[in-house]
Amino acid sequence: MEKRYQPQKLENKISKLWVSKKTFSYKRDKNKKPFSIIMPPPNANAPLHIGHAMFIALEDIMTRFNRMKGQVCLWLPGADHAGILTQVVFEKKLASKGKTRFDLGRSEFYRQCYSFTQKNKKLMYDQLKKIGGSANFAKEKFTLDPKISQEVLKSFMALYKDKLAYRGDRLVNWCPRCMTALSDLEVEHLEVKTKLWFIKYPLKTHSQITGETRFLVVATTRPETLLGDTALAVNRKDQRYQMFINQKAILPLVNRLIPIIADKAVDMEFGTGVIKVTPAHDPTDWEMGQRHKLKKISVLGFNNRMTKKAGKEYEGLKKNEARRRIVELLNRQNLLIKVRNYNHSVGHCERCKTIVEPLISKQWFLKTNKRIKLKSKSLEQKLGRKQVSLKEMGILAVKKKHLKILPHRFKINYLNWMRNLHDWCISRQLWWGQQMPIYYCGSKGLSPLQKQMNPKLAKVEPGCGTVIVSLTKPKACPKCRKRKSIIQDPDVFDTWFSSAQWPYTSLGFPNSHDYKYFYPTSVMETGYEILNIWVARMIMMGLYRTKKVPFKTVYLHGLVKDAFGEKMSKSKGNVINPLEVIAKHGADALRMALVVGATPGNDISIGEEKIKGYRNFTNKVWNIGRFINLNLKSTKKNIPLFSKNLKGLTKEDKLIIKKLEQLIKETTLNLETYKFSLAGEAIYHFLWHELADKYLEYSKERLNKKDVVVLAVLSHLYLNSLKLLHPFMPFVTEAVWQEMPEIKEKVLASSSWPK
RNA sequence: GGGUGAGUAGCUCAGUUGGCUAGAGCAUCCGGUUUACAUCCGGAAGGUCACAGGUUCGAGUCCUGUCUCACCCACCA
């Protein structure tokens, strides 16, 4: 054995050893307990970062631990096509070559994107192995694998049949850069410095009613949407404005008559207490529009330019140009009273940071509050109802404790989100993703937006517009029998619609042996930041499709921050690259640094110093082995087999043997209750400060006297603590185990958990 | 606006159902050691556990209030 543990030399060898011995494969066995983790599939558009390294370490610990305990373990790795993000990333790559996706065309773009993600996927898996992940790579899955996509499409068909999927004209979040609709969760609210414009709206009404007042003043941050105003609104309780309710105002610049309505959404405290209502461009106004049956006039288009409906003098102007012109005109007509600086939060596209526009668009949605029959006795029993909505499924499953969320406090967060859940927009105007299994008879079925974005499709004969939901392209329209006019909806699914189904699609639902054996999975280990966008939806979709919860426990980890507790970012230059760390200090050191000191749901800080500390520990582990090894080899006597009744055990021996027993108990309990940090810390302390610093020093004297009992005790203590440490530091423990002479065979099988 | 978490040694953080003489790593200081390891060993110093009340034989831990920070959610123009 070398004087020092050298991870660079040994880690690759050990990886190969594991592969050749098929250490991570399994045989399904009905008499054994299954343990399964579906890995949150990393996005196949970038290398893994330190956050990935942490979840790999945690999931690997759980998997190795349960494997050693004798359970049949599957840790299933995968990669996510990550729809919108990959498209953004790949378009940037194209842009650097001066190209756009339109230069390639849809099918070529898809092809190149596909090979891009496949390359990334391979890279990712290599990294995963370097981190020591004992995942089952033979079973690896990609979200766009044909079988998986098929299952996603089938889910949509089932939802459609249950009338939970519908197409409708609604106000959606529109990203004018990505040119697609977004769900509420893909919108990030950021504080923006802007202005509040106070605008006069003249009154049409006679002065008998309104007295001397000739106009109402509105405070707005969006003067350009004024062109689409279809009402003014006040609060019914507002004494100042009661006489104006049901009167008419004249829309400035446009001179359209608009009603003055009373609505509870108006906050009397804000601005002047009067608001302009633009149902086509604001969510609050949209809802008011629904309540009061107001007209919706879309004055801003999908390209961020003013539409025809905005009027000739504005059509084609960019949003900001229109704003400038309108403010100027209002000012000239003495309708602008004042302008105030104002900060408020505005929705941005999570992926490209462009300001999103609420626009009316025809999209596909999932209805989250419509009750359906469950058609499963066991699920009916579990949820205590026969008819349940998607939303209620998610709520009841957690409330009735069919799955556990760790740490518990995130349950509140989850339930709050679930209760406020709106319908989910699942169609995206992207090229990268699963194209929706929807066909139309002729271009009549396309929305105006789709026609605008897909000129070729728009040219197809109009047809009868019938909607056909089908896995394959229908040969003819079932209604009008036309054959040539069938076209597929150009939109793709929200990437999260496919991820929401990952636990069962990746296992081969509905018929595979793995699905039947491993589902529901044991643990979903992921970051708290995607509890709603991902975990909540997996629970809903899992219950809907499989009639079972997709996992029994949700374990949420925190963010990895730098040594000073600051968020890592490229611009700050404090990013730690896991591969560089591994090259320098080894994977074990990195893993330990990421796990010890971290508690569920809380962020963890790590810096190079911490990693170095654990690098030192790997060396300590190695050297304890080296010491024992040297002594074993230099002894000519037979070494007795260790047992608690071994003759010649001293007080010191008995004490530390007891400590080891305690450590085993404690570690087992800690790992079973997801207290990885405490477990790791205790093993670290035992090996270094109990075994190495104290007992090993004490043993030297006895070894000089050729005492073989102490050697048996040393080996026993060491080999068993190696096992405890193995899930945390698989490489060094394996390396040193390989170096130990036959005695290890006598201790216990290497792959078993000590008792 | 609503919610959650954090505030413990110079720094980064643990502290499981109240039993603690409050711990770890790094940093600091003193000393040692070269046949397991200098990626080492022994030792020291360092804390009114944010603040103010309360419950209790006993509170870092439970309750109430206050302050500071972070994060999440939300249609306040």
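Protein chains get the first letters and strands the later ones, always in sequence-line order, with residue 1 at the start of each. Reckoned from all heavy atoms, side chains included, excluding hydrogens, waters and symmetry mates.
Across all strands, Tyr614(A) comes closer than 4.0 Å to no nucleic acid atom at all (heavy-atom distances). Residue contacts shown for Ala692(A) include a base, since a base heavy atom lies under 4.0 Å away. Nucleic acid contact for Leu559(A): none, since no nucleic acid atom lies under 4.0 Å from a heavy atom of the residue. At a threshold of 4.0 angstrom between heavy atoms, the contacts of His408(A) with the nucleic acid are absent. Within 4.0 Å of Asp267(A), counting heavy atoms only, lies at least one base atom of the nucleic acid. Heavy atoms of His685(A) sit nowhere under 4.0 angstrom from any nucleic acid atom. Within 4.0 Å of Asp693(A), counting heavy atoms only, lie sugar-phosphate atoms of the nucleic acid but no base atom. Residue Ile606(A) is classed as having no contact, given no heavy-atom separation below 4.0 Å to the nucleic acid. Residue contacts for Asn602(A): at a heavy-atom cut-off of 4.0 Å it reaches the sugar-phosphate backbone alone, with no base atom in range. Using a 4.0 Å heavy-atom cutoff across all strands shown, Glu269(A) reaches no nucleic acid atom at all. Residue contacts shown for Tyr342(A) are limited to sugar-phosphate atoms, with no base heavy atom under 4.0 Å away. Using a 4.0 Å heavy-atom cutoff across all strands shown, Gly613(A) reaches no nucleic acid atom at all. At the heavy-atom level, Ala219(A) lies under 4.0 Å from base atoms of the strands shown. Residue Thr673(A) is classed as having no contact, given no heavy-atom separation below 4.0 Å to the nucleic acid.
With C1' as the reference atom, G25(B) and G19(B) are 27 Å apart, rounded to whole Å. Distance check on atom P: U21(B) versus G60(B) gives 9 Å, rounded to whole Å. C41(B) sits 45 Å from U56(B) when the C1' atoms are compared, rounded to a whole Å. Comparing C37(B) with A22(B), their C1' atoms sit 32 Å apart, to the nearest whole Å. Comparing the P positions of G42(B) and C67(B) gives an interatomic distance of 48 Å, to the nearest angstrom. On the P atoms, A74(B) is 27 Å away from U66(B), given to the nearest whole Å. Nucleotides A36(B) and A27(B) have their P atoms positioned 25 Å apart, rounded to a whole Å.
Side chain of Arg615(A), nearest nucleotide from G3(B), U39(B), A36(B): U39(B). For Pro283(A), the listed nucleotide lying nearest its side chain is C75(B); candidates were C37(B), A70(B), C75(B). Distance from the side chain of Leu678(A) is smallest to U16(B) among C72(B), U16(B), G5(B). Side chain of Leu696(A), nearest nucleotide from A77(B), A36(B), G15(B): A36(B).
Summarising the base pairing, C37(B) is matched to no nucleotide, lacking a Watson-Crick or G-U wobble pair whose two defining distances lie under 3.5 Å. The partner of C51(B), taking Watson-Crick or G-U wobble pairs whose two distances both stay under 3.5 Å, is G65(B). When both pairing distances are held under 3.5 Å, C76(B) makes no Watson-Crick or G-U pair with any nucleotide shown. With a cut-off of 3.5 Å on both pairing distances, A59(B) has no Watson-Crick or G-U wobble partner at all. Nucleotide U21(B) forms a pair with no other nucleotide shown, judged by Watson-Crick or G-U wobble geometry with both contacts under 3.5 Å. Pairing of U4(B), defined by two Watson-Crick or G-U wobble distances under 3.5 Å, is identified with A70(B). Pairing for A44(B) is with U28(B), a Watson-Crick or G-U wobble pair whose two hydrogen-bonding atom distances lie under 3.5 Å.
In summary, the side chains of Thr599(A) and Asn602(A) do present a donor paired with an acceptor at a separation below 3.5 Å, with no hydrogens or angles considered. Between the side chains of His716(A) and Asn720(A), at least one donor N or O lies within less than 3.5 Å of an accepting N or O. Side chains of Thr278(A) and Lys276(A): a donor on one and an acceptor on the other come within 3.5 Å. A donor-acceptor contact closer than 3.5 angstrom is absent between the side chains of Asp184(A) and Trp424(A). Tyr528(A) and Asp603(A) are linked by a side-chain donor-acceptor pair at a separation below 3.5 angstrom, with hydrogens and angles left out of the test. A donor-acceptor pair shorter than 3.5 Å can be found between the side chains of Glu608(A) and His585(A).
Per the geometry, CD belonging to Glu357(A) stands 16 Å off P belonging to C75(B), to the nearest Å. What separates CG of Asn343(A) from P of G1(B) is a distance of 15 Å, to the nearest Å. Protein atom CD of Glu681(A) is 9 Å distant from nucleotide atom C1' of G15(B), rounded to whole Å. A36(B) atom C1' lies 12 Å from atom CG of Leu691(A), rounded to whole Å. Between the NZ atom of Lys694(A) and the P atom of C37(B) there is a distance of 22 Å, rounded to whole Å. What separates NZ of Lys675(A) from P of A14(B) is a distance of 15 Å, to the nearest Å. Regarding His344(A), its NE2 atom lies at a distance of 16 Å from the P atom of A74(B), rounded to whole Å. For the pair Lys3(A) NZ and U34(B) P, the interatomic distance rounds to 13 Å; values are reported in whole Å.
OP1 and OP2 of U4(B) both lie 4.0 Å or more from every side-chain N or O belonging to Tyr528(A). Residue His689(A) places at least one side-chain N or O closer than 4.0 Å to OP1 or OP2 of G25(B). Contact annotation: Thr278(A) does not reach the phosphate of A77(B) (side-chain N/O to OP1 or OP2, under 4.0 Å). Contact between the side-chain N/O atoms of Lys620(A) and the OP1/OP2 oxygens of C41(B) is found at a separation under 4.0 Å. The side chain of Asn616(A) contributes an N or O atom lying less than 4.0 Å from OP1 or OP2 of C40(B). Between Thr221(A) and the phosphate of A77(B), there is no side-chain N or O to OP1/OP2 separation shorter than 4.0 Å.
With hydrogens and angles ignored, no donor-acceptor pair closer than 3.5 Å exists between the side chain of Glu566(A) and the base of A70(B). Side-chain atoms of Arg4(A) come within donor-acceptor range of the base of U39(B), with a qualifying N/O pair under 3.5 Å. No hydrogens or angles were tested; on distance alone, nothing pairs the side chain of Lys610(A) with the base of C26(B) as donor and acceptor under 3.5 Å. Contact of Lys612(A) with U39(B) (side chain to base): no donor-acceptor pair of N or O atoms is detected under 3.5 Å.
Other residues, nucleotides and ligands contribute at most 12 non-hydrogen atoms within 6.0 Å of the CZ atom of Arg236(A). Counting heavy atoms of neighbouring residues, nucleotides and ligands inside a 6.0 Å radius, atom NZ of Lys193(A) does not exceed 12 of them. Residue-environment remark: CZ (Arg340(A)) stays at or below the threshold of 12 foreign heavy atoms within 6.0 Å.
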Item to check | Test side chain to side chain donor-acceptor pair (under 3.5 Å) applied to Lys610(A) and Ser605(A), step by step | outcome: CA-CA 9 Å; Lys610(A) 186 173 182 187; Ser605(A) 306; over 6 Å; no
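Both Val187(A) and Met268(A) lie close to RNA chain B; mapped to their nearest nucleotides by heavy-atom distance, the more 5′-ward contact belongs to Val187(A). Mapping Glu697(A) and Gly273(A) onto RNA chain B by nearest heavy atom places Glu697(A) at the nucleotide closer to the 5' end.
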